[in-house]
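The next block holds one structure in the form of structure tokens; read it before the comments.
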Amino acid sequence: MADPINNPATDGDDTEIVEEGNRSILLDLISQLTKGSDLHRVTLPTFVLEPRSMLERITDFMSHPEIIIQANHLEDPVARFVAVTRYFLSGWHIKPKGVKKPYNPILGEHFRSKWTFADGTEAFYVAEQVSHHPPISAYYYASPENNISIVGDLLPKSKFQGNSAATLMQGEINVSFTNRPGEEYFITMPNVYARGILFGTMLMELGDVAAVKCPKLDLVCTLDFKVKGYFTGTYNGIAGKIKRISTGEVLYDISGKWSDELYITEKGEKQIYFDAKTAKIHPKIIAPEDQQEANESRRLWSKLTAALRVNNQTLATEEKGKVEDAQRAKSKAREEKGIPHIPRYFEPQGDGFTIKLKNISSDPQVAKKQISDFVFSTPAPSP
Ligand SMILES: CC(C)CCC[C@@H](C)[C@H]1CC[C@H]2[C@@H]3CC=C4C[C@@H](O)CC[C@]4(C)[C@H]3CC[C@]12C
């Protein structure tokens, strides 16, 4: 299996040949489903698991931090918008081969990490599973010295469709530059399709339309993630347009493949926009497992991950079950006592979630201390 972190599968062969035994497990599982079934309630076989939690998977989008940091240095608003869109497009190429999905986090699970940059500045990340039915993950990324803040939530809804399964990715990403009041970027995600479940080779495709919108700058980018047709088209294609919201005037066209080269065209002049093949991944720093809390992703799923690494599916199923059963028992006990689950880092806002940390200082050094204390020293709730 490709190591998703050190050896991201870029273009070339994205498919995976399913072992005969595995295909029959899938067929058996699928024979119990009807079209439109909610896949969240189905226990998927462990060979479709990518060996890390969804909360960690989101950090793939923090792999090219220089793009978002440099965006904030651009004084021209349109150039800044173009750079934020480029940032959003830079994370998709990091993925495992074939059809793999990260672990569904359990309620209250969290993941924390940080990054240090060459100029001595830092960035912090925390993600938490804030709801289990329906599954909702919330995350926060901030680099106070670089005036960057990202808050997002994710509500994946998986549906079985026959030879494919679709994951509709509801939720929103909110990017803001803290030195530019009111300038917020609202981003929606494409959907994910797992193809070839019953026959053919299994592969993952992104489809439908995502958008980046900045009302303050009067700019929007629609990104059409193209799925391959039976006879035509290619895999991983994108067609995008950057427009003024008020007039609809098209300023740029975006084309190419998110797994390979993306291009941007302005007035007929085409340039490279992002090249996934040469992009370097900036490593994140994570506390060793023995210093993590019991429900911190890597420690929580440690035994499952170890079983998957040696390809022991029986043990993997068992270890996954242990974590999930413990979570069910906890939820049940809480429900019986009528105690609601209160997330540690996030709180509901509008139809999504936002970070609990308020009144972040405009002084970057003070903000840095506030944020790093919040991420790494918020006391655990009493059990
Ligand atoms: C700019 C930022 C922070 C973007 C964050 C985007 C995140 C939320 C996106 C990027 C890649 C996405 C994943 C891509 C593929 C799959 C496999 C599918 O079977 C379940 C959903 C899942 C696991 C997606 C979950 C959401 C995901 C992790």
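Around CG of Asp76, the count of heavy atoms belonging to other residues, nucleotides or ligands within 6.0 Å exceeds 12. Atom NZ of Lys368 has more than 12 neighbouring heavy atoms from other residues, nucleotides or ligands inside a 6.0 Å radius. Heavy-atom neighbours of Lys267 NZ from other residues, nucleotides or ligands within 6.0 Å: at or below the threshold of 12. Few gaps surround NZ on Lys356; more than 12 heavy atoms of other groups in view lie less than 6.0 Å from it.
Using a distance-only test at 3.5 Å, with no hydrogens or angles considered, a donor-acceptor pair links the side chain of Asp218 to the main chain of Ser246. At distances below 3.5 Å, at least one donor-acceptor pair connects side-chain atoms of Asn163 with backbone N or O atoms of Leu198. With hydrogens and angles ignored, the 3.5 Å screen pairs no side-chain donor or acceptor of Thr188 with any backbone N or O of Ala210. For Asp224 (side chain) and Ile238 (main-chain N/O), no donor-acceptor pair under 3.5 Å exists by modelled atom type. Between the side chain of Ser131 and the main chain of Pro134, a donor-acceptor pair closer than 3.5 Å is present. Checking side-chain atoms of Lys226 against main-chain N and O of Asp208 turns up no donor-acceptor pair under 3.5 Å. Within the 3.5 Å criterion, the main-chain N or O of Glu75 finds a donor-acceptor partner in the side chain of Arg80. Of the possible polar contacts, one joining the Asp153 side chain to the Phe353 backbone as a donor-acceptor pair under 3.5 Å is found. Panel note: side chain Lys216, backbone Pro181; a donor-acceptor pair is recorded below 3.5 Å. Side-chain atoms of Tyr273 come within 3.5 Å of backbone atoms of Val82 as a donor-acceptor pair (strictly under, hydrogens ignored).
Between Thr354 and Glu347, the closest side-chain pair of non-hydrogen atoms falls below 4.5 Å. You'll find the side chain of Phe88 reaches within 4.5 Å of the side chain of Ile173, heavy atoms only. Annotation: side chain of Lys213 is not in contact with side chain of Ile187 (no heavy-atom distance under 4.5 Å). For the pair Ile272 and Tyr263, the minimum side-chain heavy-atom distance is below 4.5 Å. Side-chain atoms of Ile69 and His73, non-hydrogen and from C-beta on, do get closer than 4.5 Å to each other. Using a 4.5 Å heavy-atom cutoff, the side chains of Trp258 and Phe274 are not in contact. Using a 4.5 Å cut-off on side-chain heavy atoms (C-beta onward), Lys303 and Glu318 make no contact. Using a 4.5 Å heavy-atom threshold, the side chains of Phe346 and Ile355 count as touching.
Contact between His132 and Leu107 at its shortest, heavy atoms only, is N-CD1, 3.8 Å. For Leu55 against Ser297, the heavy-atom pair with the smallest separation is CD1-OG, 3.9 Å. Taking all atoms of both residues into account, the shortest heavy-atom contact from Phe160 to Thr34 is CD2-O, 3.6 Å. Of all heavy-atom pairs spanning Asn104 and Trp301, the tightest one is O-CZ2, 3.6 Å. Closest approach of Ile360 and Tyr140 over heavy atoms only: CD1-OH, 3.7 Å. In plain terms, the two heavy atoms of Ile371 and Ala142 that are nearest each other are CD1-CB, 3.9 Å.
Gln129 CD to Leu154 CG: the interatomic distance, rounded to the nearest 0.5 Å, is 8.5 Å. The distance from the OH atom of Tyr125 to the OG1 atom of Thr59 is 6.0 Å, given to the nearest 0.5 Å. Taking CZ of Arg334 as the start and CD1 of Ile339 as the end, the distance is 8.0 Å to the nearest 0.5 Å. In this structure, CG in Leu262 is found 10.0 Å from OG in Ser90, a value given to the nearest 0.5 Å. To the nearest 0.5 Å, atoms CG (Leu304) and CZ (Arg309) are separated by 10.5 Å. For the atom pair Lys157 NZ and Asn191 CG, the distance stands at 11.0 Å (nearest 0.5 Å).
Checking each of Val220, Leu217, Leu219 against Ile245 for a side-chain contact (heavy atoms from CB on, under 4.5 Å) leaves exactly one that passes, namely Val220. For the salt bridge (charged side-chain N to carboxylate O under 4.0 Å, His left out) with Glu56, the lone residue among Lys284, Arg299, Arg112 that qualifies is Lys284.
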**Request:** Evaluate the salt bridge (charged side-chain N to carboxylate O under 4.0 Å, His left out) criterion for residues Asp325 and Lys322: first the C-alpha distance (whole Å), next the side-chain angles of each, then the deciding distance (0.1 Å), finally the verdict.
**Result:** CA-CA 5 Å; Asp325 290 347; Lys322 281 189 201 161; over 6 Å; no
**Message:** Evaluate Val192 against Leu206 for side-chain contact (heavy atoms from CB on, under 4.5 Å), listing each step before the verdict.
**Reply:** CA-CA 5 Å; Val192 184; Leu206 296 175; 3.8 Å; yes
**Item:** Step-by-step side-chain hydrogen bond (donor to acceptor under 3.5 Å, both in side chains) determination, Glu184 to Ser176
**Value:** CA-CA 5 Å; Glu184 285 188 86; Ser176 48; 5.0 Å; no
**Prompt:** Would Asp119 and Thr121 satisfy side-chain hydrogen bond (donor to acceptor under 3.5 Å, both in side chains), going step by step from the backbone distance to the final call?
**Reply:** CA-CA 6 Å; Asp119 61 0; Thr121 63; 2.7 Å; yes
**Asked** Could you go step by step and tell me if Arg180 and Asn147 meet the side-chain hydrogen bond (donor to acceptor under 3.5 Å, both in side chains) rule?
**Response** CA-CA 9 Å; Arg180 301 180 188 276; Asn147 295 298; over 6 Å; no
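Scanning for salt bridge (charged side-chain N to carboxylate O under 4.0 Å, His left out) contacts around Arg86 gives an empty result, with sequence neighbours left out. Here Thr247 pairs with Arg244, Glu249 under the side chain to side chain contact (heavy atoms under 4.5 Å, CB included) rule; sequence neighbours left out.
For the residue pair Gln292/Asp290, the side-chain donor-acceptor check at 3.5 Å is not satisfied. Glu109 and Ser53 share a side-chain donor-acceptor pair at under 3.5 Å. Of the N and O atoms on the side chains of Tyr103 and Thr305, at least one donor lies less than 3.5 Å from an acceptor on the other residue.
In this structure, the ring of Trp115 has its center less than 6.0 angstrom from the ring center of Tyr141.
Follow the hydrophobic side-chain contacts under 4.5 Å out from Phe61 and you never reach Val375; the two are in separate clusters. Neither Tyr193 nor Val99 shares a network with the other; the hydrophobic side chains, linked directly or stepwise wherever heavy atoms of I, L, V, M, F, W or Y lie under 4.5 Å apart, form separate groups for each. In the hydrophobic clustering of ILVMFWY residues, with side-chain heavy atoms under 4.5 Å counting as a link, Phe81 and Phe186 come out apart. Both Val78 and Ile242 are assigned to one and the same hydrophobic cluster, defined by single-linkage of ILVMFWY side chains at heavy-atom distances under 4.5 Å. Linking ILVMFWY side-chain heavy atoms closer than 4.5 Å, directly or via other members, places Met204 and Leu223 in a single hydrophobic cluster.
Comment: Glu50 does not engage Lys95 in a salt bridge, judged by the lack of any side-chain N to carboxylate O separation of less than 4.0 angstrom. In this structure, Asp260 pairs ionically with Lys277, as a charged nitrogen and a carboxylate oxygen lie closer than 4.0 Å.
A cation-pi arrangement is found for Lys228 relative to Tyr235, the charged atom lying closer than 6.0 Å to the ring centre and inside a 45° cone about the ring normal.
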